[in-house]
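What follows is one structure encoded as structure tokens, with my remarks underneath.
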Amino acid sequence: MAVYTDIAEDDLKWFLTEYDAGTLLSYKGIAEGVENSNFLLHTSKDPLILTLYEKRVEKTDLPFFLGLMQHLSARGLSCPLPLPRRDGALLGSLSGRPAALISFLEGMWLRKPEAKHCREVGRALAEMHVAGDGFELKRANALSIDGWRGLWEKSEARADEVEPGLQTEIRSELDFLSAHWPQSLPAGVIHADLFPDNVFFLGDELSGLIDFYFACNDLLAYDVSICLNAWCFEKDGAYNITKGTAMLAGYQSVRPLSEAEIAALPVLSRGSALRFFLTRLYDWLTTPEGAMVTKKDPLEYLRKLRFHRQIKSPAEYGLSL
């Protein structure tokens with residue numbers, strides 16, 4: 001979450017009249033994240049999240065995102081729900097941006113997740129994959145392998161400013177992944193961004209998943225690899241096999257991975273590390289000064305990518321083969 005677009009109080013009060021949301025008591029921007037502008041609203045009824053969809057988010061994708069949350073919730077997954085307007089629409093307009101009100105999910109994200117939390121995340125991810133079955137809308141993953149070269153081209157000329165030699169290293173990595181990317185693994189709806197700040201806990205109990213604005217159709221095991229990268233590395237860059245074992249066990253307690261998915265995990269993990277390196281690199285080089293946004297270090301994901309290159313067997317992630 002982030003704030004790129006400010007809103008005037010009078011405009012917000014007018015916006016709320018289109019909903020059965022009560023009257024505005026207070027609101028504040030939420031600085032974490034990099035995609036949309038988000039605000040926490042307190043009203044005379046329930047707290048809500050207001051999301052303004054910024055230019056990177058295509059308006060034509062919004063029915064997929066909002067409909068998916070409805071579908072998953074109906075299937076028993078704990079996630080925020082979009083609040084309909086009085087006319088039944090899920091989307092309005094505020095400050096020149098498409099905007100939606102989303103229910104507030106109780107809980108907080110963990111700054112120091114432990115193995116037991118990773119197990120719960122793995123289980124919840126698998127539950128989401130199962131619950132997503134039957135969702136009729138489709139959305140291609142623009143940030144999967146077919147989109148990486150285009151993203152890289154936006155940063156390539158300045159990449160060596162971040163670390164010398166990056167241009168050559170990333171070109172080589174793109175060539176490798178293009179030649180080895182798996183094509184026939186089980187696919188479905190994936191979250192594609194299930195980082196710690198998108199998973200809420202109440203104590204040690206997982207209370208829900210949030211932020212579905214990267215969700216799309218892609219390989220389910222690719223989503224698993226994203227979570228391994230996001231949850232199972234320590235701040236010093238070391239892979240925590242205890243956390244990895246717990247996450248993979250939690251996932252497989254709901255949806256066992258196939259032999260082909262397991263074999264592909266090292267390549268998928270390289271790919272997901274590259275994907276987040278590339279988007280972080282672009283944001284690092286282009287986010288304007290003064291934006292209420294927390295920029296994220298792209299080199300963190302470069303180190304993870306280099307780790308995955310050294311993997312000889314999926315067992316090194318904590319899988320029992």
Kindly indicate whether the side chain of [X], heavy atoms from C-beta on, has any atom under 4.5 Å from the side chain of [Y].
X    : Y    : result
L48  : Y19  : no
L302 : L166 : yes
L94  : I7   : yes
R149 : I170 : no
L278 : S155 : no
L268 : W181 : yes
L194 : I226 : no
Y222 : N141 : yes

Could you pull out the closest heavy-atom pair between [X] and [Y], with the gap in Å?
X    : Y    : value
A159 : W152 : CB-CH2, 3.5 Å
V162 : P298 : CG1-CG, 4.3 Å
L202 : G107 : CD2-CA, 3.6 Å
L319 : Q252 : CD2-NE2, 3.5 Å
K59  : P63  : O-CD, 3.6 Å
S95  : D6   : OG-O, 3.5 Å

For the residue pair [Y] / [X], report whether a side-chain donor-acceptor contact shorter than 3.5 Å exists.
X    : Y    : value
S93  : R97  : no
S272 : S225 : yes
N198 : D193 : yes
E54  : N36  : no

Q | Derivation of the side-chain contact (heavy atoms from CB on, under 4.5 Å) call for L12 and L41 | A | CA-CA 10 Å; L12 178 55; L41 275 54; 4.1 Å; yes
Q: Give the intermediate values and the outcome of salt bridge (Lys or Arg N to Asp or Glu O under 4.0 Å) for residues E127 and R75.
A: CA-CA 10 Å; E127 290 175 347; R75 295 291 187 92; over 6 Å; no
Q: Not counting sequence neighbours, which residues clear side-chain hydrogen bond (donor to acceptor under 3.5 Å, both in side chains) with E58? List them please.
A: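 So E58 forms no side-chain hydrogen bond (donor to acceptor under 3.5 Å, both in side chains) with any residue.
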Look at [X] together with [Y] and state whether they make a salt bridge at an N to O cut-off of under 4.0 Å.
X    : Y    : value
K296 : E300 : no
E18  : R86  : no
E120 : K116 : no
R255 : D133 : no
R139 : D61  : yes
D20  : K45  : yes

If I take atom [atom1] from residue [X] and atom [atom2] from residue [Y], how far apart are they, to the nearest 0.5 angstrom?
X    : Y    : atom1 : atom2 : answer
E261 : L185 : CD    : CG    : 6.0 Å
D297 : R303 : CG    : CZ    : 6.0 Å
F277 : Y282 : CZ    : OH    : 15.0 Å
R270 : L305 : CZ    : CG    : 6.5 Å
L101 : L16  : CG    : CG    : 6.0 Å
L81  : I102 : CG    : CD1   : 8.5 Å

Q) In the hydrophobic clustering (ILVMFWY, side-chain contacts below 4.5 Å, transitive), which residues join V254, or is it alone? A) V130
Q: Determine, stepwise, if the pair E173 / R306 fulfils salt bridge (Lys or Arg N to Asp or Glu O under 4.0 Å).
A: CA-CA 10 Å; E173 186 66 23; R306 289 167 177 168; over 6 Å; no
Could you tell me whether the side chain of [X] and the main chain of [Y] form a donor-acceptor pair under 3.5 Å?
X    : Y    : value
T43  : D46  : yes
S172 : T168 : no
R111 : W109 : yes
D223 : A192 : yes
S253 : G250 : yes
R158 : L285 : yes

Q: Check the pair D160, Q167 against side-chain hydrogen bond (donor to acceptor under 3.5 Å, both in side chains), reporting the backbone distance first and the verdict last.
A: CA-CA 6 Å; D160 282 8; Q167 285 189 355; 4.9 Å; no
Using the ring pair (Phe, Tyr, Trp, His ring centres under 6.0 Å) criterion, which residues pair with [X]? Sequence neighbours excluded.
X    : result
F276 : F195, Y301
Y239 : F233, F307, Y317
F212 : H191
F135 : F64, H71

(Q) Before we go on, tell me: are the rings of Y27 and H42 under 6.0 Å apart, centre to centre? (A)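 No; H42 has its ring centre 6.0 Å or more from that of Y27.
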(Q) Using the rule given for side-chain contact (heavy atoms from CB on, under 4.5 Å), can you reason through T51 versus Y53, listing the C-alpha separation, both sets of side-chain angles and the distance that settles it, and then say yes or no? (A) CA-CA 6 Å; T51 297; Y53 299 100; 3.5 Å; yes
Q: Measure up the Y213 and F65 rings against each other and bin them: parallel (under 30°), tilted (30 to 60°), perpendicular (over 60°).
A: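 Geometry flag for F65 against Y213: perpendicular rings.
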Q.
Can you classify the ring geometry of F176 versus H180 as parallel (below 30°), tilted (30 to 60°) or perpendicular (above 60°)?
A.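 Rings of F176 and H180: parallel, as their planes differ by under 30°.
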Q. Can you list the steps and then say if R119 with E205 is a salt bridge (Lys or Arg N to Asp or Glu O under 4.0 Å)?
A. CA-CA 11 Å; R119 180 182 293 273; E205 182 177 350; over 6 Å; no
Q: Given side-chain contact (heavy atoms from CB on, under 4.5 Å), test L90 with L62 step by step and report yes or no.
A: CA-CA 9 Å; L90 297 179; L62 294 177; over 6 Å; no
Q: Show your working on side-chain contact (heavy atoms from CB on, under 4.5 Å) between F201 and V121 and close with a plain yes or no.
A: CA-CA 10 Å; F201 283 83; V121 171; 4.1 Å; yes
(Q) Would you say that more than 12 heavy atoms from the other residues, nucleotides or ligands in this model lie under 6.0 Å from the CD of E234, or not? (A)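 It does: E234 CD has more than 12 such atoms within range.
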Q) Between E114 and K243, does a salt bridge (Lys or Arg N to Asp or Glu O under 4.0 Å) hold up when you go through it step by step? A) CA-CA 7 Å; E114 301 174 16; K243 290 182 178 179; over 6 Å; no
